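Working notes, structure below.
Reckoned from all heavy atoms, side chains included, excluding hydrogens, waters and symmetry mates. This one's a predicted model, so the numbers in the text were calculated from it and none came from an experiment.
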Amino acid sequence: MRLGVVCGVLAVLLSGAVAPAAAAPAGSEPVYDYAKAVRETVWVDIGRDGDGDGRPDRVAADVIRPGEAAARVPVIMDASPYYSCCGRGNESELKSYDSAGKPVKFPLFYDNYFVPRGYAVVLVDLAGTNRSAGCADVGGASDVGSARKVVDWLNGRATGYTAKTGGSAVTASWSTGNVGMIGKSYDGTIANGVAATGVAGLKTIVPISAISSWYDYYRSDGATFGFNPAGLAQTVEARNSGQNCSAQNQVLTQGATANGDYGPLWADRDYVTRASNVRASVLLSHGVNDLNVKTIHFGQWWAGLNVEKKIWLSQTGHVDPFDYRRADWVDLLHRWFDHYLLGIDNGVQNGPQASVERQPDQWADQSAYPAAGAVATTLRPGASGRLGTSPVTGTASFTDNPGVGEDTWVTDPGSVALTYSTGALPSDLQVSGTSSITVTATPSTSSARLSALLVDLGPATIRNFAGSGEGIKTGTSETCWGSSASGDDACYRVATADVKKVGYTILSRGWADLANYASLSQERPLTPGTAYTMTFRLASTDHIVPRGHALALIIGGTDGSFIRGPAQPGRVTLDLARTSLSVPLAGVVPAATTHPAVAPDTGAFVPSAGRAGLR
């Protein structure tokens with residue numbers, strides 16, 4: 001059902017309790033007066049002194065809840081470091097307060113839409129950001145603890161106060177204790193991190209374009225993207241209340257070593273290793289062309305979850321579904337929160353598990369992700385440029401040039417990359433899941449990088465994810481989603497698909513440092529002329545290579561579009577008999593012939609090196 005300006009969906013119980021089965025409501029309705037909502041800030045003690053001022057840190061939780069609710073209400077929570085430094089949503093909304101410090105502006109539409117429907121919305125400033133004490137630690141114990149302690153407070157297990165220092169204790173007597181966390185990027189990452197603690201009361205999370213392991217945001221199988229967490233910490237702390245976070249930032253600098261080794265700092269921020277702790281349901285969305293929070297994040301997180309879950313995969317980059325599939329997304333969120341927070345048996349957990357955008361604004365549901373018919377298939381690069389299933393022999397070489405990136409690799413690789421193709425496909429071939437490549441490589445120098453691309457060779461119309469909107473164009477007209485009040489309106493500009501015609505589509509990428517062939521925790525010196533075998537991952541995806549197109553594997557050294565090059569770039573020789581690709585495929589790989597022509601002037605994407613920024 002499509003939802004619009006203050007539109008209700010079916011019936012609601014005023015108390016928020018579930019009616020007998022014969023009269024069970026299909027959904028909550030906007031029966032509470034948004035103008036009468038209670039707006040307040042509670043300062044929750046997180047049990048740390050991250051800024052070293054001798055006082056326990058308290059984080060600010062801005063609350064808006066129905067003013068006339070006679071019964072307790074559940075909570076939708078977004079914990080973020082961006083409420084004063086960078087803003088939330090496509091329109092970069094910031095929090096605002098009146099002269100007495102009472103919250104006025106709650107960014108995004110969650111308060112406008114859900115408070116009239118019997119929910120509280122709580123927006124938490126992570127430690128060290130906006131009005132919260134402490135220091136940010138970029139996904140570590142302080143960040144995650146900031147949000148977890150608010151969940152604890154909502155369940156009567158932590159202490160909240162009326163002031164940042166001093167004040168009197170205050171309880172969440174109005175809360176049922178049922179909490180759903182939501183957020184894009186850093187915010188969704190914190191939802192993942194809190195869920196991985198297994199905290200009681202967290203019933204569901206909605207991570208949007210979210211990180212699952214901070215190592216994979218800054219590094220990739222030993223390779224580095226060229227930026228580090230201390231810089232992000234300083235950005236989000238820039239408008240805090242004046243606390244000194246230099247000591248914590250130094251910890252981040254020292255822990256994120258210059259090489260790509262996986263060490264204790266990264267292990268503390270690896271939620272995938274704790275995915276088995278998650279008890280909350282998960283509604284996940286991600287753009288398959290997100291080159292900020294790369295798609296390995298959703299793939300590995302999804303694989304580790306053993307809970308009720310659904311996933312949306314768009315063709316966009318780093319974009320919220322509210323800005324590419326707005327009405328359907330709000331409808332899904334409404335039903336999702338009604339089910340998991342109000343206990344309404346609306347069946348939202350049933351049906352297809354995945355919804356995938358196949359072409360701009362054209363979506364297809366499938367029963368599972370990865371696709372039910374996808375099977376891990378071993379493909380081997382052959383000396384003749386063939387990519388197939390048969391064993392091969394021989395060698396092939398490329399010369400690393402860190403100044404050249406993936407666009408050139410596809411259209412005019414020369415000596416810097418190797419291309420292997422299935423040839424024109426007689427039928428559609430679906431790549432659904434996470435691929436990996438195993439190479440046996442002999443470097444000519446003592447340092448080497450490896451990169452691999454999966455490419456759909458053939459013309460298509462796609463979302464222009466390399467554009468400024470990462471696949472969307474924001475217009476001037478607005479639609480409204482809930483009730484408005486002075487200083488906090490429910491209206492947002494409409495975004496439409498920004499499309500582009502291309503001659504090929506890069507559907508998955510992976511990068512590695514060959515020096516980490518034996519261990520991600522400690523690189524080892526390479527001996528020129530010695531062969532090393534290493535397996536590294538390619539990004540998760542769900543893509544159909546159409547009939548008549550070809551699936552290609554491109555292997556090279558430093559993909560200058562993303563990773564930093566080695567100290568001594570040189571020539572790398574592959575032992576083809578010991579090099580293979582494992583790719584999850586639904587369909588049949590034909591005997592390879594020649595790959596289709598690729599127009600060099602219709603490249604899909606020319607990124608800038610070291611693309612970063614989590615918003």
Side-chain angles (χ1 to χ4, degrees), residues 48 50-52 81-82 85-86 126-129 134-146 185-190 192-193 196 210-238 240 244-274 291-294 296-297 300-301 402 447 449 451 510-516 518-524 536-537 539 558-559 562-567 608-615:
R48 299 174 60 87
D51 53 18
Y82 291 140
C85 81
C86 309
L126 294 185
T129 71
C135 292
D137 64 357
V138 189
S142 180
D143 277 8
V144 173
S146 297
S185 200
Y186 203 136
D187 306 15
T189 302
I190 298 305
N192 285 343
I211 291 168
S212 57
S213 166
W214 286 87
Y215 175 86
D216 293 305
Y217 185 70
Y218 291 100
R219 309 287 190 260
S220 175
D221 288 288
T224 69
F225 296 128
F227 48 95
N228 291 294
L232 180 55
Q234 292 164 11
T235 296
V236 300
E237 292 161 351
N240 64 19
N244 183 353
C245 292
S246 57
Q248 174 59 53
N249 293 341
Q250 184 61 25
V251 170
L252 293 175
T253 299
Q254 292 173 346
T257 56
N259 63 17
D261 287 356
Y262 180 96
L265 180 135
W266 305 120
D268 289 343
R269 292 157 175 79
D270 188 345
Y271 313 135
V272 177
T273 60
R274 299 186 285 279
L291 299 175
N292 180 346
V293 178
K294 299 172 183 64
I296 192 66
H297 290 279
Q300 62 191 5
W301 182 239
S447 56
R449 302 290 184 269
S451 303
W511 311 274
D513 183 346
L514 187 58
N516 290 97
S519 169
L520 284 185
S521 299
Q522 186 175 6
E523 65 180 18
R524 301 185 182 184
F536 61 97
R537 303 161 300 163
T558 303
D559 179 353
F562 294 96
I563 63 172
R564 296 295 179 259
S608 58
R611 186 171 186 159
L614 266 175
R615 292 176 56 201

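Residues Gln300 and Ser212 share a closest heavy-atom pair of NE2-OG, 3.0 Å. Across Ser213 and His297, no two heavy atoms sit closer than the pair O-CE1, 3.1 Å. Here the closest heavy-atom approach between residue Arg537 and residue Asp221 is recorded as NE-OD2, 3.2 Å. In terms of heavy atoms, Asn240 sits closest to Cys245 at ND2-SG, 4.2 Å. In plain terms, the two heavy atoms of Gly565 and Arg449 that are nearest each other are O-NH2, 3.5 Å. Residues Ala567 and Ser447 approach most closely at N-OG, 3.5 Å, considering heavy atoms.
Between Asp513 and Asn259 the shortest side-chain heavy-atom distance does not fall below 4.5 Å. Side-chain atoms of Asn516 and Asp261, non-hydrogen and from C-beta on, do get closer than 4.5 Å to each other. You'll find the side chain of Thr189 reaches within 4.5 Å of the side chain of Tyr271, heavy atoms only. A 4.5 Å side-chain heavy-atom check between Cys85 and Thr129 finds every atom pair outside the cut-off.
Checked against a 6.0 Å centroid threshold, the rings of Tyr218 and Phe227 count as neighbours. Aromatic ring centres of Tyr217 and Trp266 lie farther apart than the 6.0 Å criterion allows.
Checked by atom type and distance alone, the side chain of Ser142 never pairs as donor or acceptor with a backbone atom of Asp137 at under 3.5 Å. Checked by atom type and distance alone, the side chain of Thr224 never pairs as donor or acceptor with a backbone atom of Arg564 at under 3.5 Å. Asp268 contributes no side-chain N or O that, together with a main-chain N or O of Gly140, makes up a donor-acceptor pair within less than 3.5 Å. A donor-acceptor pair under 3.5 Å is formed between the side chain of Glu237 and the backbone N or O of Ala136.
For the atom pair CH2 (Trp214) and CG (Asp270), the distance works out to 12.5 Å, reported to the nearest 0.5 Å. Going from atom CG of Asn292 over to atom CD1 of Ile211 covers 7.5 Å, rounded to the nearest 0.5 Å. The OG atom of Ser220 lies 8.0 Å from the CD1 atom of Ile296; values are rounded to the nearest 0.5 Å. To the nearest 0.5 angstrom, Ser246 atom OG is 10.5 Å from Asp51 atom CG.
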* To do: Kindly indicate, with the supporting measurements, whether the criterion side chain to side chain contact (heavy atoms under 4.5 Å, CB included) is fulfilled by Asp216 and Lys294.
  => CA-CA 8 Å; Asp216 293 305; Lys294 299 172 183 64; over 6 Å; no

* To do: Kindly indicate, with the supporting measurements, whether the criterion side chain to side chain contact (heavy atoms under 4.5 Å, CB included) is fulfilled by Asn228 and Arg219.
  => CA-CA 9 Å; Asn228 291 294; Arg219 309 287 190 260; 2.8 Å; yes

* Show the numbers, then the answer: is there a side chain to side chain contact (heavy atoms under 4.5 Å, CB included) between Val138 and Leu252? => CA-CA 8 Å; Val138 189; Leu252 293 175; 3.9 Å; yes

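Under a cut-off of 6.0 angstrom, the local environment of CD in Gln522 is sparse, with at most 12 non-hydrogen atoms contributed by other residues, nucleotides or ligands.
Using bins of under 30°, 30° to 60° and over 60° for the plane-to-plane angle, the ring pair Tyr262/Tyr215 lands in the perpendicular bin.
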